[in-house]
Amino acid sequence: MPDFISILLFLSVVLGGDRPAVSQSSDQSEPMCYDWGESREGAVSVLEGEAGWLSCPLFSHPSVYNYSSTQSTGHNLFWYRLPVGHDLEQPIGYSLRLSKDRERLWLQPATVEDSGQYICLLRNKSSCSKIAMRLEVLSRDQVASGPDCAVATAPSQVIIPLQEGKKLDCPDLQDAIKMADGGDLNVTWYHHCRQYERWNMDREQKGPSLLVHLMIDYYEGLYYCKVQYQRRGRLQQFSRSINVTAVNPPSLDKNPSIIHPGKDQVFSVKQGTEVRLTCTGLFPFLESPWEIWWTIDGKTVEQLADPHFSKINRLVSYNFGDRTEETVLVIKDFWAEDLKREYNCSLRNQKGSATRRAQLEEEGSLPSVELGCGLGVTLLLMLVLFTVYHVFWLELLLLYRSWFGTDERHTDDKEYDVYISYARNSEEEQFVLVTLRRVLENELGYSVCIFDRDSLPGGIITDETLSFVARSRRLLVVVSPDYASKGSQALLELKAGIDSMALDGHLRVILVQYRSVQRQGWVRELRRARLALALVRWQGDKSRELTSRFWKRLRVELPVHRVSKEGEACTRRLQSQDSTSSQTGLITKTAKDPQKVFNSVAVAAF
Ligand SMILES: *[C@@H]1O[C@H](CO)[C@@H](O)[C@H](O)[C@H]1NC(C)=O
Ligand SMILES: *[C@@H]1O[C@H](CO)[C@@H](O)[C@H](O)[C@H]1NC(C)=O
Ligand SMILES: *[C@@H]1O[C@H](CO)[C@@H](O)[C@H](O)[C@H]1NC(C)=O
Ligand SMILES: *[C@@H]1O[C@H](CO)[C@@H](O)[C@H](O)[C@H]1NC(C)=O
């Protein structure tokens, strides 16, 4: 028999290695043996010291070979072994440890030396077939799951819906029953490699099975079952594992739904760029196939077979069996034609389907309009502000002063708001005494000091002039051709004012022009002062109204008046003169209603 097998093997090698080949025996009475090569099912793994078995792979496809029917056609099954490092097959020496049961070869228990190639050969007088397979006996330290809860085989997968129950059976248990003396098996269950002496209400062991009555996520994970039995007085055992995962219960809605794009969502696209349309769908747990895809004018990317379009699919999230899947349609170099196409995203599973059309909108057109509008509005606003400022700057200034300006009366110890200096015996005298004084005192409520023309000239008044100027907040100089002729009262006032302004800054000089004056006619002091000071011009009848530019400019130059205060008289102290004569210029009156003035300013500004 060894000779026969070795010749077969030799021929099979010569005729083509692993592929099925027909071997010819030299003995014509022996049938040809059909060699199926090595089984594609992969190596069988058994843990060292545990019970294991090899099933002849010829019977994996019962439609081709059925063990019961082969027995009736006079077939016999033979096992051979090719130990590691050997060339020749050896027949198996059966024993209590190595036994044959129908299409199986049992190892109870397996040892590391049992590893190698095994061949099962099925033969009757007229036909013969054989197939090879591999056995790997692993030592406990070799297995990935570790020596404590070692299993040689991959875990079987079991899905349990949340809030529901299931019975867990140890895999391959039925195969072992006939090996056990009296069919008695002892099964121990572990979860996460931990043995529970007593399970709880949700999980209990009943017979060899573990019952899960009420599934929760905590019960997910690897379960181990250790099977022990007696065979002819010897203890045998093997272990298996089950990977339990929880899924959402079947009572929930199982229709797929589109998460993205939303119903009214618009994708903005830009010509000449790569456009990516993302579609995301939710597939509730179902043990059925599912699908998510884009169509372009009703055609899938595959149907179009256009390099312009491609897709990227991925799993976004997985939650108790519910999967969120994404497909991205990539359009290389988007052009105007693509904008006219119809892009639909579709989902489908066993329960239903959904489709949504993607709304595309070209980027750039809308933003440029918006940008244009925004810029236009801004420019217009700036123009309006600019105009408002230029037309109403005086009003704005007055308004600002009325709100935020400080009333100088509270911060200094001066007696008069304005000291008016003018050329006596001139056209301006009338203007000063009638118009200026009346408005400043009566309408605006300032305390005004004017030295009467009768007081001129006189050496005695010099000191007094200076002291009055020094006690005023403003020196209002009414410029005229005759102003400040040499040695006049006016020149004295002007010098005193300019000196005081230059020295301590507590007095400010305001220039008012009643009629136009040739610059050449001005005295030197005035010409110098003009360089640094504003000139407020009287413009005839136009300036009569209190809301005119003349008065506004003048008020900007004058001190801030918040609250009306009794004006003090600028008392003439000229002992040499008749005290009753020409008192007119020195009477000071109080403001009637300063609030009215603020209001008129506010109305003028807005
Ligand atoms: C094998 O054949 C027997 C009878 O020949 C039949 O009863 C049995 O169902 C078959 N098994 C399979 C798995 O087809
Ligand atoms: C051997 O088996 C084949 C089927 O595989 C059958 O046709 C043939 O009759 C059997 N030969 C004998 C001698 O039983
Ligand atoms: C158990 O199954 C889950 C889901 O099917 C998988 O993610 C996990 O890796 C499995 N665990 C093992 C140890 O096989
Ligand atoms: C695309 O989807 C819309 C609904 O969103 C549907 O009316 C239209 O028929 C679909 N187009 C194609 C080609 O399937």
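As the structure is a computational prediction, the values presented were derived from the model and not from experiment. Both counts, for ligands and for their atoms, begin at 1 and track the order of listing.
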Review point. Are any of the heavy atoms in T295 under 4.0 Å away from ligand 4?
Key: no
Practice item. Please determine which of R104, E103, E41 meets the side chain to side chain donor-acceptor pair (under 3.5 Å) test together with S55. Key: R104
Review point. Does the side chain of S69 pick up a donor-acceptor pair with the side chain of H75 at under 3.5 Å?
Key: no
Revision key, fill the gap. re atom 6 (C) of ligand 4, the protein heavy-atom contact at minimum distance is N344 ND2, 4.2 Å
Point to revise | Shortest protein contact, atom 4 (C) of ligand 3 (heavy atom only) | key: T245 CG2, 3.7 Å
Exercise for review: Could you name the option among R341, K263, R357 that has the heavy atom nearest to atom 5 (O) of ligand 4?
Suggested key: R357
Check your understanding: Do we see a donor-acceptor contact under 3.5 Å between the side chains of D202 and N200?
Key -> no
Exercise for review: Would you check if the side chain of S115 reaches a backbone N or O of V112 as a donor-acceptor pair within less than 3.5 Å?
Suggested key: yes
Review point. Protein heavy atoms: any of them under 4.0 Å from atom 2 (O) of ligand 3?
Key: yes
Point to revise | Numbered atoms of ligand 2 (with element) below 4.0 Å of S126, judged on heavy atoms | key: 1 (C), 8 (C), 10 (C), 11 (N)
Check your understanding: Donor-acceptor pair, W294 side chain versus T327 backbone, under 3.5 Å?
Key -> yes
Check your understanding: Do any nitrogen or oxygen atoms of E342 lie less than 3.5 angstrom from nitrogen or oxygen atoms of ligand 4?
Key -> yes
Exercise for review: List every atom of ligand 3 that sits less than 4.0 Å from any heavy atom of N243, numbering the atoms from 1 in the order shown and giving each element.
Suggested key: 1 (C), 2 (O), 3 (C), 8 (C), 10 (C), 11 (N), 12 (C), 14 (O)
Point to revise | Sidechain-backbone polar pair: R97 side chain, P109 backbone, donor-acceptor under 3.5 Å | key: yes
Point to revise | Per-atom contacts, ligand 4 versus G298 - under 4.0 Å to a heavy atom | key: 13 (C)
Check your understanding: Quick one: does atom 11 (N) of ligand 4 have a protein heavy atom under 4.0 Å from it?
Key -> yes
Practice item. Please indicate whether Y318 has more than 12 foreign heavy atoms, meaning atoms of other residues, nucleotides or ligands, lying under 6.0 Å from its OH. Key: yes
Check your understanding: Is the centre of the H213 ring less than 6.0 Å from the centre of the W199 ring?
Key -> no
Revision key, fill the gap. The option among L122, T73, N124 carrying the non-hydrogen atom nearest to atom 8 (C) of ligand 2 is N124
